[in-house]
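To start, the structure itself, in structure tokens.
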Amino acid sequence: MKQTQPPLEIGMLLYPGLTLLDLFGPQTVFSWFANTHLVWKTKDPVISDTGIAVQPTATFETCPRELDILFVPGGFGQQKIMNDSEVLAFLADQAARSKYITSVCSGSLLLGAAGLLKGYKATSHWSAREALRMYGAEPVDARVVVDRNRVTGGGVTAGIDFGLVLLAKLRGDDAAKLTQLAMEYDPEPPFNAGNPKAAGPAIIEQAMSMMAAEMERQAG
């Protein structure tokens, strides 16, 4: 596909303990059509929740001021920055000029903490979705929720769906279809356990226990 439009400018927040697939699922979708800016307070490597380091390409001060997409991933390390005034100020400031304010997984809670989801429908990871009400958002049980210029994705793997939906809005359906085919995104999960309704109470309980333990570990 011949690209006649300038590349999208995307600012993607990094922070210690973020979930890699929350970040790299959407980033892979956008990569052919965008300049990606991986943003944190410094340019020191940021360690994800699985121990893999990500190198920031910009700081809060050097991030482009005019973004097409402001994006926040989720992750077990998020709790440490929910009240970080520097992070929240950066998000609020960038959102004032960004065309789309977006997130995947529990990243929507961070948008909420920055005051960016009040009066909007939004989604999050199934275990965190109802907490959106604390920030004046209306939780929706969906893989991707679009409400005006707020676009939020559900948990982790929903980031690919999120990316394709937003890419279609910005560069057309064919661009999204081309990307989906190139990624061979044609999921056939081996188990019907990808959401609480299908997984059942026993698996839900175990998942909640594991996630709580990991969150405590990251907090320590």
Side-chain angles (χ1 to χ4, degrees), residues 1 3 5-82 84-111 113-114 116 149-153 156-171 175-176 178-179 182-183 185 218:
M1 174 181 289
Q3 298 185 39
Q5 300 181 70
L8 299 166
E9 297 294 333
I10 304 178
M12 308 186 91
L13 180 71
L14 302 182
Y15 57 86
L18 68 91
T19 295
L20 280 180
L21 189 54
D22 285 8
L23 179 77
F24 288 131
Q27 194 277 330
T28 302
V29 171
F30 296 135
S31 60
W32 285 357
F33 301 90
N35 294 322
T36 300
H37 308 278
L38 302 176
V39 189
W40 183 233
K41 297 178 182 181
T42 71
K43 285 193 175 181
D44 295 334
V46 174
I47 307 301
S48 72
D49 60 8
T50 55
I52 295 174
V54 183
Q55 182 67 55
T57 62
T59 65
F60 292 169
E61 289 74 26
T62 64
C63 179
R65 288 180 56 79
E66 302 288 338
L67 295 173
D68 294 290
I69 301 170
L70 174 65
F71 173 80
V72 180
F76 291 110
Q78 181 181 314
Q79 288 298 318
K80 285 188 174 182
I81 61 168
M82 287 296 289
D84 188 314
S85 59
E86 190 176 356
V87 172
L88 299 181
F90 167 76
L91 292 176
D93 178 63
Q94 286 288 347
R97 295 179 302 279
S98 297
K99 292 180 181 177
Y100 285 90
I101 294 98
T102 71
S103 64
V104 163
C105 199
S106 59
S108 57
L109 299 183
L110 198 51
L111 289 181
L116 300 173
N149 73 333
R150 267 54 167 180
V151 185
T152 52
V156 193
T157 60
I160 297 176
D161 302 57
F162 153 86
L164 292 168
V165 167
L166 188 50
L167 181 61
K169 289 179 70 68
L170 289 166
R171 289 296 181 264
L178 171 67
T179 300
M183 294 174 66
Y185 181 52
Q218 293 281 342

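What you see is a predicted model; the values in this text were computed from it and never measured.
Minimum heavy-atom separation, Ala175 to Phe33: CB-CZ, 3.7 Å. Heavy atoms only, all atoms of each residue included: Gly163 and Phe30 are closest at O-CE2, 3.5 Å. Minimum interatomic distance between Cys63 and Val39 (heavy atoms only, all atoms of both residues): SG-CG2, 3.8 Å. Heavy-atom minimum distance, Ala158 versus Gly153: CB-C, 4.4 Å. Shown here for Leu167 and Ala176, the closest heavy-atom pair between the two residues is CD2-CA, 4.0 Å. Taking every heavy atom of both residues into account, Gly74 and Ser106 meet most closely at CA-OG, 3.4 Å.
To the nearest 0.5 angstrom, Trp40 atom CH2 is 14.0 Å from Gln55 atom CD. The structure places CG of Leu21 at 8.5 Å from OG1 of Thr28, a figure rounded to the nearest 0.5 Å. The CG atom of Leu110 sits 4.5 Å away from atom CD1 of Ile81, with the distance rounded to the nearest 0.5 Å. Note that CZ of Phe76 is 6.0 Å distant from OG1 of Thr19, once rounded to the nearest 0.5 Å. Taking CG of Leu23 as the start and SG of Cys105 as the end, the distance is 12.5 Å to the nearest 0.5 Å. Atom CG of Leu13 sits about 10.0 Å away from atom NZ of Lys41, to the nearest 0.5 Å.
For Gln94 (side chain) and Leu67 (main-chain N/O), no donor-acceptor pair under 3.5 Å exists by modelled atom type. Listed for the Asp49 side chain is no donor-acceptor partner under 3.5 Å among the backbone atoms of Gly75. Remark: side-chain polar atoms of Tyr15 are paired, donor with acceptor, to backbone N or O of Pro73 under 3.5 angstrom.
Looking at Phe71 and Val104, their side chains come closer than 4.5 Å, going by heavy atoms from C-beta outward. Between Ile47 and Pro16, every side-chain heavy-atom pair lies at or beyond the 4.5 Å cut-off. Residues Thr36 and Thr57 are not in side-chain contact: their nearest non-hydrogen atoms beyond the backbone lie 4.5 Å or more apart. Leu38 is not listed as a side-chain neighbour of Val46, based on a closest heavy-atom distance of 4.5 Å or more. When side chains are defined from C-beta on, Val29 does not count as touching Tyr185, because their heavy atoms never get closer than 4.5 Å.
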Query raised in the report: Please walk me through it: do Phe24 and Val54 pass side-chain contact (heavy atoms from CB on, under 4.5 Å)?
Result: CA-CA 10 Å; Phe24 288 131; Val54 183; 4.1 Å; yes

Requested in this report: Show your reasoning for whether side-chain contact (heavy atoms from CB on, under 4.5 Å) applies to Arg97 and Arg65.
Outcome: CA-CA 7 Å; Arg97 295 179 302 279; Arg65 288 180 56 79; 3.3 Å; yes

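Counting heavy atoms of neighbouring residues, nucleotides and ligands inside a 6.0 Å radius, atom NZ of Lys169 does not exceed 12 of them.
Evaluated for a side-chain contact (heavy atoms from CB on, under 4.5 Å) with Ser98, the options Leu91, Asn149, Leu70, Asp93 yield exactly one hit, Leu70.
The existence of a salt bridge linking Arg171 and Asp68 is excluded, since no basic side-chain nitrogen approaches an acidic carboxylate oxygen closer than 4.0 Å.
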